[in-house]
Amino acid sequence: MDPECSQLLPALCAVLADPRQPVADDTCLEKLLDWFKTITKAGSSLLLLQENPCLVELLCHVLKPQDLSSRVLSFSLRLAGVFAAQEDCFQYLQGELLPRLFGEPGPLGGAAWTAPSVRSGWIQGLRSLAQHPSALHFLADCGAVDTIFSLQGDSSLFVASAAGQLLVHILGLSMQGLAEGHPSLQAGDWPVCAQKIVGHIEESLHSTAVPQITQALNVLTTTFGHCHDPWTQVLWVRLSPLVGSLLEKDPVPAAHSLVDLLLSVARSPGLSSSSCGLWETLAQTLNHLSPTQAGPLALGILKLQDCPQVLRAQAFVILLQPLACVLKATGQDPGPSDVLDSATGDSLTVDALLSSKAACVGLLCRTLAHLELLQPLPQRPCPWPQEPLLGAAVTLLQLCRGSASPASDVGRHLCALLLGCVRVQRAALDFLGTLSQETGPWKGRVGSFFMSVSGPQELVTEVFAVLLEYLRSPDSSPTVLKKAFQATFRWLLSSPKTPGCCDLEPHALLVLRELLPVLQKRLCSPCWEVRDSGLEFLTQMTRHWGGQAGFRHALLASEVPKLTEQLLRDPESYVRASAVTVMGQLSSQGLHVTPVSPEHPGGQQKSLLVELLHILSTDSEGFPRRAVMQVFTQWLRDHHADVAGDTEQFMARVLQVASQDLDWEVRAQGLELALVFLEQTLGQFHSHCPYAVTPPVAAPAGPLAQALQPLCRVRLFEFAFRALFDCDRPVAQKSCDLLLFLRAKTASSSGSLQESRSGPDVASVEAALQRWQAGDQGQPLGDLEPEVVLAVLRSVDLEGLRGALAEGSDHMEKSPQSLLQDMLATVGVLGENEADCY
């Protein structure tokens, strides 16, 4: 510890021990505790206490009967645990202090124990000191383990969770030295703490109280998840009969925690490969749990890398049962898959589906979510029942719309429960989109996806039909419409293509022609979320097929481009931003034709460039302006015709507007635009790191000056230098990167330019930069010459500025000494101006 801190520490300890003094806030106490943790990790805790006896006095003082703040008491308990983590310091404190802090004579018997923060501090203190054998004896002797048992049911969830984790830690510490030496260790030979914890778990599993069973299962789940030593096999063999006995109860208690435990055991390398009856227990559990409870367990089993095939098949049947019931209720054949066929006759699943709307919706949404997670995994079941799953997803969407034809009373009841259910609609649309990624045997062949007469063609036609039905329906909610657009795009994207051709497949083009009138309608929706979703869908389609003849012809024959341009003036800023993005893409692809003005038949209306510049200059919201800057940057990269015609005029106008924008993201995007222009002007820079430059061949001074002239004419340097001292750090960092790139790019030849370091122009620019750094940015730099720019670049400490920008706002005063001074200053112990109030 620094001498300066040692001098301040006694006064701080006195303040903390005095209940009359205002208590430091939690942030300061956390920082103080972190500092002590750092010190004890680097050196001896015993030496620290011997050199600073005020720390021991603080720990002793908090035990006196007084009205001490619960925050200070909690801090002291945690601090004692940090010191006692080292065994020699533990022995030093064990005499009277530790038993009084963590035993019955301490906070346990006082009024302060009612505060959750004190109970949490007590647990965290024990967690810190439980690092060595001496601590285990202490825990067993002082009765702390029994207190931890009781805290598992604490009213504070944080305290209860920490208590369970502490039991796992103590159990693991107890068995630490025995794991390798006695792999066949019998439970009766275990250390005292371990026997006590295991005995408590056994007692809890025998209990009829569900909370106690839940606590025991949670402790075991964490134990098997973190400990993989041989003793865990002995523990499972001892406790698995008790865990299995829970399945004999109706209903199964703590089913969710039981599922978590069994999956944790199954993922444990030593247990999953041993003959301990795990797979049999999992199979029994699948049969005893309700359909709602069994779904997560079935998904977890199917995710396992090594699992018996019979168990995997059973889990997949369980997972598919709700959808199989839906297919059967609507009179559909589940298909040739034996898995779907064997899943249709479960009466429990039917009862769960029909019991109530909430139960039906919850079970179906969870099933769809589980299958959506399972579909992309390499260990998913094979063969994958793609066609029945597609049919089930389409049927669910039809049931929710009321367009299905139920073939039984069950089907009619399902239709009544699901009619208009937005939750199931969203889940089914997400799952339908996921199924578009399937690479089954009938999707991999060219044309077979749509051209097969008997198989997928009819089903895929139904998929697009139900998607169009949802997109057309006035009853579809905005979130459902958004997901319908997303699913439609994914299915269009997955349509097969002729080799060597990137255009849409003929059947998909037919769908697109039906889709564009629907999109036109949605772009005119009174709901802004719907208009925005339509623009997002158009953006995705244009990005993928904007250059394809079929898509271009269909789009230009519609009113979509015209409506999109009108949305540039939408009252909602999100919509305007999306319209800007789409119009930028349409223009880049040649899909935006400027219409002829009826008032001026011989001329044209203002171009899109002028329209976007107007938005950048006048829009009151930041989102559209940011979108404009992103479009302009992409146009410059792509050498867009509107930009390439007069690039310097374009850059000058955009940088002038962006420099005055109040939105820091607009200014930062302006610097990105400037960097693209810089690279194009000076030539591409091929190094991965913009500052690691290989020494190039020196270039003549003339070409360099000529190359820099366009940058000077568009006032790029004034924009960058002004941004260098921007009040928003990301803007200043980006400007610093740009100027460092430029300096590195011109380093080889700038020395041959004839500039005077002490010339009047250089001096005036440096003076202006100093005023800007001080906050006075009113005076412009004016026209700069290349020689002046290069001289200023070399005079400014860009590396130092970049380092300062990378540091935190409190980097100047965040030392331990500063922390102690601040805490003392809050109670007036220090004189005026002696604290670093960062």
Asker: Report the residues that fulfil salt bridge (charged side-chain N to carboxylate O under 4.0 Å, His left out) with Glu203, sequence neighbours left out, ordered by chain and then residue number.
Answerer: none
Asker: How long is the gap from CG on Leu353 to CD on Gln321, to the nearest 0.5 Å?
Answerer: 10.0 Å
Asker: Could you go through the side chain to side chain contact (heavy atoms under 4.5 Å, CB included) check for Trp279 and Cys307 one step at a time?
Answerer: CA-CA 8 Å; Trp279 306 124; Cys307 178; 4.2 Å; yes
Asker: Between the side chain of Gln437 and the main-chain N/O of Pro376, is any donor-acceptor distance below 3.5 Å?
Answerer: no
Asker: Is there side-chain contact between Asp34 and Lys37, with at least one heavy-atom pair below 4.5 Å?
Answerer: yes
Asker: Which atom names give the shortest non-hydrogen contact between Cys421 and Val361, and what distance separates them?
Answerer: SG-CG2, 3.5 Å
Asker: Under a 3.5 Å distance rule, please check whether Tyr470 uses its side chain to pair with a backbone N or O of Leu397 as donor and acceptor.
Answerer: yes
Asker: Does a donor on one side chain and an acceptor on the other come within less than 3.5 Å for Gln124 and Ser128?
Answerer: no
Asker: Return the minimal non-hydrogen interatomic distance between Leu220 and Leu239, and the atom names on each side.
Answerer: CD2-CD1, 3.5 Å
Asker: Regarding Gln375 and Thr434, do their side chains bring together a donor and an acceptor under 3.5 Å, going by distance alone?
Answerer: no
Asker: Return the minimal non-hydrogen interatomic distance between His228 and Phe224, and the atom names on each side.
Answerer: CE1-O, 3.4 Å
Asker: Would you say Asp430 and Gln486 are linked by a side-chain donor-acceptor pair, where the criterion is simply a distance under 3.5 Å?
Answerer: no
Asker: With a 6.0 Å cut-off on the ring centroids, do Phe90 and Phe83 count as close?
Answerer: no
Asker: Looking at side-chain heavy atoms only, is the closest gap between Leu136 and Pro191 below 4.5 Å?
Answerer: no
Asker: Would you indicate whether the side-chain heavy atoms of Leu414 and Cys360 approach each other to under 4.5 Å?
Answerer: yes
Asker: Nearest 0.5 Å, what's the CG-CG distance between Leu101 and Leu126?
Answerer: 10.0 Å
Asker: Out of curiosity, Leu373 CG to Leu302 CG, how far, rounded to the nearest 0.5 Å?
Answerer: 11.5 Å
Asker: Do Asp409 and Arg412 pass the salt bridge (charged side-chain N to carboxylate O under 4.0 Å, His left out) test, and can you show the C-alpha distance, the side-chain angles, and the key distance before you say yes or no?
Answerer: CA-CA 5 Å; Asp409 291 339; Arg412 285 184 281 275; 2.6 Å; yes
Asker: In Å and rounded to the nearest 0.5 Å, what is the CZ to CD distance from Phe138 to Gln94?
Answerer: 7.0 Å
Asker: Just verifying a value: how many Å separate Phe75 CZ and Leu33 CG, rounded to the nearest 0.5 Å?
Answerer: 6.0 Å
Asker: Are Arg267 and Leu263 close enough that some pair of their side-chain heavy atoms sits under 4.5 Å apart?
Answerer: yes
Asker: Under 3.5 Å, which donor-acceptor pairs do the side chains of residues 252-262 form with other protein atoms, sequence neighbours left out?
Answerer:
residue	atom	partner	partner atom	Å
His256	NE2	Asp260	OD2	3.4
Ser257	OG	Asn218	OD1	3.3

Asker: What is the distance from atom CG of Leu73 to atom CG of Leu77, rounded to the nearest 0.5 Å?
Answerer: 5.0 Å
Asker: Indicate yes or no for a side-chain donor-acceptor contact from Thr395 to the backbone of Leu327 under 3.5 Å, with no hydrogens or angles considered.
Answerer: no
Asker: If every non-hydrogen atom of Leu286 is compared with every non-hydrogen atom of Ile301, which pair is closest and at what distance?
Answerer: CD1-CD1, 3.7 Å
Asker: Considering only NZ, NE, NH1 and NH2 on the basic side and carboxylate oxygens on the acidic side, decide whether Glu30 and Arg78 come within less than 4.0 Å.
Answerer: yes
Asker: Report, one line per pair, each donor and acceptor closer than 3.5 Å where one atom sits in a side chain of residues 139-149; sequence neighbours left out.
Answerer:
residue	atom	partner	partner atom	Å
Asp146	OD2	Lys196	NZ	3.2
Thr147	OG1	Gly143	O	3.4

Asker: Give a yes or no on whether His226 atom NE2 has more than 12 heavy-atom contacts from other residues, nucleotides or ligands under 6.0 Å away.
Answerer: no
Asker: Under 3.5 Å, is there a donor-acceptor pair linking the side chains of Glu248 and Ser245?
Answerer: no
Asker: Tell me which donor-acceptor pairs under 3.5 Å the side chains of residues 157-170 have, and how far apart each pair is, sequence neighbours excluded?
Answerer:
residue	atom	partner	partner atom	Å
Ser161	OG	Gln165	NE2	3.3
His169	ND1	Arg127	NH1	3.4
His169	NE2	Arg127	NH1	3.3
His169	NE2	Ala130	O	2.6

Asker: Are Arg238 and Trp236 in a cation-pi setup, meaning NZ or CZ lies under 6.0 angstrom from the ring centre and within 45 degrees of the ring axis?
Answerer: no
Asker: Who pairs with Ser477 by side-chain hydrogen bond (donor to acceptor under 3.5 Å, both in side chains), at least two apart in sequence or on another chain?
Answerer: Thr479
Asker: Contact between Trp231 and Leu171 at the side-chain level, heavy atoms closer than 4.5 Å - yes or no?
Answerer: yes
Asker: If you count heavy atoms of other groups shown closer than 6.0 angstrom to NZ of Lys357, is the number above 12?
Answerer: yes
Asker: Applying side chain to side chain contact (heavy atoms under 4.5 Å, CB included) to Leu29 and Leu16, what does each step give before you reach the verdict?
Answerer: CA-CA 10 Å; Leu29 292 175; Leu16 293 176; 4.1 Å; yes
Asker: Considering all heavy atoms of both residues, which atom of Pro406 and which atom of Cys415 are nearest to each other, and what is their separation?
Answerer: CG-CB, 4.2 Å
Asker: Please find the pair of heavy atoms, one from Arg119 and one from Ser155, that lie closest to each other, and give the distance.
Answerer: NH2-OG, 3.9 Å
Asker: For Asp229 and Gln176, run side-chain hydrogen bond (donor to acceptor under 3.5 Å, both in side chains): C-alpha distance rounded to whole Å, both residues' side-chain angles, the deciding distance at 0.1 Å, then the answer.
Answerer: CA-CA 9 Å; Asp229 294 322; Gln176 195 170 27; over 6 Å; no
Asker: Side chain to side chain contact (heavy atoms under 4.5 Å, CB included) between Leu371 and Phe316: does it pass, once the steps are laid out?
Answerer: CA-CA 10 Å; Leu371 289 168; Phe316 200 35; 4.2 Å; yes
Asker: Between Gln215 and Ile201, does a side chain to side chain contact (heavy atoms under 4.5 Å, CB included) hold up when you go through it step by step?
Answerer: CA-CA 8 Å; Gln215 294 164 15; Ile201 292 173; over 6 Å; no
Asker: Report all side-chain donor-acceptor pairs from residues 205-213 shorter than 3.5 Å, counting only partners two or more places apart or in another chain.
Answerer:
residue	atom	partner	partner atom	Å
Ser207	OG	Ala209	N	2.9
Ser207	OG	Gln212	OE1	3.4

Asker: Heavy atoms, side chains only, cut-off 4.5 Å: are Val219 and Gln152 in contact?
Answerer: yes
Asker: Okay, side chain of Ser120, backbone of Pro116: is any donor-acceptor separation there less than 3.5 Å?
Answerer: no
Asker: So Ser204 and His200, do their side chains get closer than 4.5 Å, heavy atoms only?
Answerer: yes
